[in-house]
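Basis for what follows: all heavy atoms, side chains included, without hydrogens, waters or symmetry-related copies. Only a predicted model underlies this, so the values are computations on that prediction, with no experimental measurement involved. By convention here, the first residue in the shown sequence is residue 1.
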Amino acid sequence: MDVDLRKIRYFVAVAERLHFGRAAEELHIAQPVLSRQIKALESELKVQLFRRDRRSTELTPAGEQLLADARPLLASAAAMRRRAVRAARVADTFTVGFMPGLIVTDAVRTLAARHPDLDIEVVRTSWKDQADVVRDGRVDVSHVRMPVDPTGLETVPLLAEQRVVVLPGNHRLAGKESVGIADLADERLLQNPDAVPEWRDIVAARGARERWSQPLIHTTEEKLEHVAARRGVVVLPLSAAMFYTRPDISYVPVNDIPPSHVCLAWANGRHHGLVEEYVGIAVGSGGEPGRANADGH
């Protein structure tokens, strides 16, 4: 059976709102039309997707499963369209993504010098979207900080750099030449402990309760505001910490945890010449992690 993406979009709109009227308004269609489309989808799939009465609309188990499958399906279809559009104008435009602290200037300049008519754009990414912008075609290639979900991506190592702990300016450890991860076991961590498994393991080994921020603080800027307010600490790659330098915080190298790794990432199977050329340029130059050297020192 062929999947009608329009009906799937209609289904997701209703499933997310659990209200046919509000979903119809969002979709800019009449509610009876929306209801007919959902009934047609149920008929095609031979399942009931919603339970409805005068007061409420609920998903059935089949509806819950379809919603889980529909979201990545629609995202993949949107990415396919974007990549097709980009491929049509690939001779004119090339887009490079980068995480804060990673400077792409040299590689971009080299590519621009080789292709004077090429319009090269750069896009700042974040921990939340650094892989998504590659998969959905918003960028052709991106400088990503590991780990990332490798689904749909090809990657090549670019550089490694030291990790540091970011502290309030008047913290007891501020100004030290370096610290060990055990020195931070009593601190509140302002990030998911999975990002610093060495800290998590030390805390677990001591039988102590993990002290980390809940709910999670997602942006680095927000984390640093909390650090400055003495609400906790955060472990970052050196170049990211240097990128966000401010007078009320300090950073100290953590000497006994592995470095942060940076890779170049592009969509799986995307082997057009400009991607391969840019990867060759960036890998050949050893990358440029902010003001840090490739070895992180």
Side-chain angles (χ1 to χ4, degrees), residues 71-72 75 79 82 95-104 121-167 181 184 187-201 210-229 231-246 249 251 253-254 257-268 282 287-292 294 296:
R71 284 169 170 152
R82 278 191 290 265
T95 304
V96 178
F98 65 95
M99 284 285 284
L102 300 178
I103 298 175
V104 300
E121 300 173 354
V122 293
V123 174
R124 178 192 182 277
T125 64
S126 68
W127 282 108
K128 185 176 181 180
D129 70 2
Q130 62 171 340
D132 292 340
V133 299
V134 181
R135 279 191 287 261
D136 67 20
R138 279 177 279 172
V139 305
D140 294 287
V141 65
S142 195
H143 297 241
V144 301
R145 294 192 186 277
M146 304 302 284
V148 298
D149 177 1
T151 304
L153 301 180
E154 295 187 41
T155 61
V156 62
L158 188 59
L159 58 95
E161 56 177 318
Q162 189 172 43
R163 288 192 288 170
V164 301
V165 60
V166 185
L167 306 162
I181 194 66
L184 308 176
E187 303 292 336
R188 180 176 296 279
L189 195 67
L190 298 174
Q191 62 200 119
N192 191 319
D194 289 342
V196 195
E198 303 85 3
W199 176 89
R200 181 196 60 207
D201 294 344
E210 285 188 359
R211 302 176 68 247
W212 56 283
S213 177
Q214 294 178 307
L216 290 179
I217 304 167
H218 290 291
T219 72
T220 302
E221 293 88 345
E222 290 170 343
K223 291 171 185 173
L224 297 188
E225 288 294 334
H226 284 268
V227 170
R231 294 173 183 157
V233 303
V234 62
V235 175
L236 295 177
L238 175 61
S239 61
M242 297 174 72
F243 180 82
Y244 288 106
T245 296
R246 46 188 283 181
I249 61 175
Y251 55 84
V254 183
I257 62 175
S260 170
H261 293 275
V262 175
C263 288
L264 286 173
W266 61 96
N268 188 29
E288 189 179 355
R291 286 166 283 174

Beyond-backbone contact of [X] with [Y], side-chain heavy atoms, under 4.5 angstrom:
{"X": "Arg138", "Y": "Thr95", "answer": "no"}
{"X": "Pro259", "Y": "Glu161", "answer": "no"}
{"X": "Val235", "Y": "Trp199", "answer": "no"}
{"X": "Arg163", "Y": "Pro258", "answer": "yes"}
{"X": "Leu264", "Y": "His143", "answer": "yes"}
{"X": "Val164", "Y": "Met242", "answer": "no"}

Keeping the roles fixed (side chain from [X], backbone from [Y]), state whether a donor-acceptor pair exists under 3.5 Å.
{"X": "Asn268", "Y": "Glu154", "result": "no"}
{"X": "Asp201", "Y": "Glu198", "result": "no"}
{"X": "Thr125", "Y": "Phe98", "result": "yes"}

On a heavy-atom basis, which atom in [X] and which in [Y] lie closest, and how many Å separate them?
{"X": "Pro237", "Y": "Ser260", "answer": "CG-OG, 3.5 Å"}
{"X": "Thr155", "Y": "Ala265", "answer": "CG2-CB, 3.8 Å"}
{"X": "Met99", "Y": "Val144", "answer": "CG-CA, 4.4 Å"}

Spacing of [atom1] belonging to [X] relative to [atom2] belonging to [Y], to within rounding of 0.5 Å:
{"X": "Met146", "Y": "Leu158", "atom1": "CE", "atom2": "CG", "value": "11.5 Å"}
{"X": "Gln130", "Y": "Leu102", "atom1": "CD", "atom2": "CG", "value": "9.0 Å"}
{"X": "Thr245", "Y": "Tyr251", "atom1": "OG1", "atom2": "OH", "value": "4.5 Å"}
{"X": "Lys223", "Y": "Arg231", "atom1": "NZ", "atom2": "CZ", "value": "15.5 Å"}
{"X": "Leu224", "Y": "Ile249", "atom1": "CG", "atom2": "CD1", "value": "4.5 Å"}
{"X": "Arg135", "Y": "Asp129", "atom1": "CZ", "atom2": "CG", "value": "10.5 Å"}

Legend entry - Test item: side-chain donor near acceptor, Arg145 and Ser239, under 3.5 Å: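 Present: a donor and an acceptor within the cut-off.
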
Inset, instruction - Only one of Leu190, Leu236, Val166 passes side-chain contact (heavy atoms from CB on, under 4.5 Å) with Thr220; say which it is. - result: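 The side-chain contact (heavy atoms from CB on, under 4.5 Å) with Thr220 is passed solely by Leu236 among Leu190, Leu236, Val166.
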
Legend entry - Pairing residues for Pro150 by the side chain to side chain contact (heavy atoms under 4.5 Å, CB included) criterion, not counting sequence neighbours: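 Expected list: none.
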
Inset, instruction - Using side chain to side chain contact (heavy atoms under 4.5 Å, CB included) as the criterion, list what pairs up with Glu225, not counting sequence neighbours. - result: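 Partners of Glu225 by the side chain to side chain contact (heavy atoms under 4.5 Å, CB included) criterion, ordered by chain and then number, come out as Arg246.
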
